[in-house]
Participant: 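For reference, the structure I am asking about is given below.
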Amino acid sequence: MSHIESARGAHYIDGEWTSGASETRFSSRDPATGETLGSFPRATATDVERAVSAAETALEGWQALSHVDRAEYLWDVYHGLRNRTDELGEVVTRECGKEISEGRADVVEAAHMVEYAAGNARHPHGDVVPSEIASKDAYMRRKPRGVVGCITPWNFPVAIPFWHLAVTLVEGNTVVWKPAEQTPWCGEVIAEMMAEVGIPDGVFNLVQGHGDTGESIVADDRVDTILFTGSASVGHEIAERVAGDPGRSACCEMGGKNAIVVTENADLDVAIHAAVMSSFKTTGQRCVSSEKLIVHESVYEEFKRRFVDLAAAVTIGDPLDEDTFMGPLVDEQQIETFHEYNELARTEGANVLVDRAFLDDPEISSPTGGPEGTTTSTDRERDLTEGHWAGPFVYEIKYDPTHRILREEVFGPHVALIEYSGGVERAVEIVNDTPYGLAGAIISEDYRQLHYYRDHVDLGLAYANLPCIGAEVHLPFGGVKGSGHGPPHAREVIEAVTERTAWTLNNSEGIEMAQGLSAEIKTREDS
């Protein structure tokens with residue numbers, strides 16, 4: 001596979017690179033510098049219709065292959081991801097702004113997901129079920145649903161697409177995929193990898209664009225399943241739209257208002273480390289990032305002091321620099337939202353402890369001490385003055401279930417400290433008092449507290465003595481309540497992109513029914 005020099009700027013439909021039906025284009029920009037990385041066509045409904053038609057036409061030939069044969073294409077992609085981790089990781093960092101170790105980790109996670117899906121091709125599919133009737137064999141088998149529409153976010157622009165794509169393709173479905181408009185270059189790189197391994201025409205299709213492109217995919221009733229990862233508002237709209245179409249389904253993983261509980265029995269070294277990672281990694285732009293730290297009164301003051309000191313000190317700078325902890329926010333809209341919620345916190349009574357929301361130029365210089373505009377990881381000079389920069393905003397606030405700031409997702413380095421008294425039961429009440437239910441963590445050395453949290457918290461992803469970020473690819477990733485409609489990830493996504501058939505075979509020359517049902521056919525001559 002060739003080295004990536006620059007973006008091609010095209011859709012990939014039915015095995016061809018195309019500019020599509022419209023001359024309207026949009027740009028991808030580096031959030032650290034404002035540099036334009038590429039220009040991309042904005043798909044029309046006509047482009048989406050062509051992509052869906054190609055995927056529909058390709059179904060028969062793709063499904064005629066065995067699981068193992070389909071997986072062979074993915075194994076080639078896997079080796080490409082592993083061999084080019086550094087190169088692709090830099091593309092991720094340049095386009096979505098997360099620091100370089102996270103850029104590489106994004107590619108490694110994608111490789112792990114492809115490895116999981118391709119390896120699963122040789123694992124058992126279906127279940128043998130004992131029949132009541134000795135002469136019958138019964139078992140469950142799966143078949144692909146058909147055309148799958150995938151809509152993915154910008155914050156994990158390589159990993160999350162492969163959550164959707166890898167299993168979907170190995171199971172025999174074809175795909176129409178729209179990546180986020182903030183990361184079209186990453187989308188194009190994935191399409192190039194698919195093209196280079198020779199995946200049959202129409203099996204995989206990429207359409208670039210904004211929300212209207214995704215709407216066109218959802219609106220086409222030939223798309224049997226929608227896999228979506230993104231905001232709660234969009235995900236719920238998709239789920240409601242698809243629910244009205246018999247035979248179609250949607251699997252949506254959405255946002256959260258996540259919290260970490262620090263009990264009186266916590267190891268505070270672990271608690272501080274977990275809280276900083278959960279709140280500020282990816283500049284708080286993970287659906288699982290923690291925006292609430294619920295801390296027991298007996299350890300609250302020490303925890304607050306140590307957390308505030310670190311929040312005031314974490315390095316913010318060029319994400320290509322190996323010494324950077326936090327890169328920029330992804331775009332101007334994200335900056336505006338961040339500032340709006342910071343003001344809302346003040347309005348609702350917050351006591352602000354750290355306010356790095358507006359950064360001076362020296363704060364975003366090279367963290368190794370070099371002049372602004374230079375990095376230690378590359379030889380290129382980068383002007384950071386046009387980036388979308390913001391640092392931690394940390395405050396303490398008295399818990400009030402009516403506060404919007406404690407219920408609405410910010411998606412940035414915005415963190416509330418909440419002091420609680422009483423047992424772990426009270427902390428769990430506060431955690432559960434939100435419309436979301438995605439991720440969270442508890443820090444405690446008391447196993448009874450850990451087990452109470454595990455058994456009573458309303459979350460799809462829960463951690464003990466760890467940050468509430470990250471997931472190994474073989475574990476399902478998704479939420480409950482307003483955070484999800486089934487995880488579009490790992491083993492669980494197989495449920496979304498396949499249909500079960502219960503198959504029963506009679507090995508006898510006669511017919512015998514279960515439940516004691518008579519198989520005798522009676523006629524008037526018998527009476």
Participant: I'd like to check N258 versus L438 (side-chain heavy atoms, cut-off strictly below 4.5 Å). Are they in contact?
Facilitator: yes
Participant: Can you tell me how far apart NE2 (H210) and CZ (R42) are? Round to the nearest 0.5 Å.
Facilitator: 4.5 Å
Participant: Count the heavy atoms belonging to other residues, nucleotides or ligands that lie under 6.0 Å from NE2 of H403, then report whether that count exceeds 12.
Facilitator: yes
Participant: Is there a side chain to side chain donor-acceptor pair (under 3.5 Å) between T347 and E343? Walk through the geometry before answering.
Facilitator: CA-CA 6 Å; T347 300; E343 286 308 307; 5.6 Å; no
Participant: With rounding to the nearest 0.5 Å, note down the distance linking CD in E95 to CG in L37.
Facilitator: 6.0 Å
Participant: Are F162 and Y78 an aromatic pair by the rule of ring centers under 6.0 Å?
Facilitator: no
Participant: Roughly how far, to the nearest 0.5 Å, is SG of C287 from CZ of F477?
Facilitator: 4.0 Å
Participant: If you define the side chain from C-beta out and look only at heavy atoms, does anything of L329 sit under 4.5 Å from F338?
Facilitator: yes
Participant: Side chains of E192 and W17: donor-acceptor distance under 3.5 Å anywhere?
Facilitator: no
Participant: Quick check: are there more than 12 heavy atoms from other residues, nucleotides or ligands sitting under 6.0 Å from CD of E35?
Facilitator: yes
Participant: For F228, does the six-membered ring have the charged nitrogen or CZ of K178 within the cation-pi criterion, i.e. under 6.0 angstrom from the centroid and within 45° of the normal?
Facilitator: no
Participant: Side chains of Q285 and S289: any donor to acceptor distance under 3.5 Å?
Facilitator: no
Participant: CG/D47 to CG/N205 distance, rounded to the nearest 0.5 angstrom?
Facilitator: 11.5 Å
Participant: Might you work through the side-chain contact (heavy atoms from CB on, under 4.5 Å) test for L461 and C468, ending with a clear yes or no?
Facilitator: CA-CA 8 Å; L461 303 162; C468 64; over 6 Å; no
Participant: Of all heavy-atom pairs between A118 and L74, which one has the smallest distance, and what is that distance?
Facilitator: CB-CB, 4.2 Å
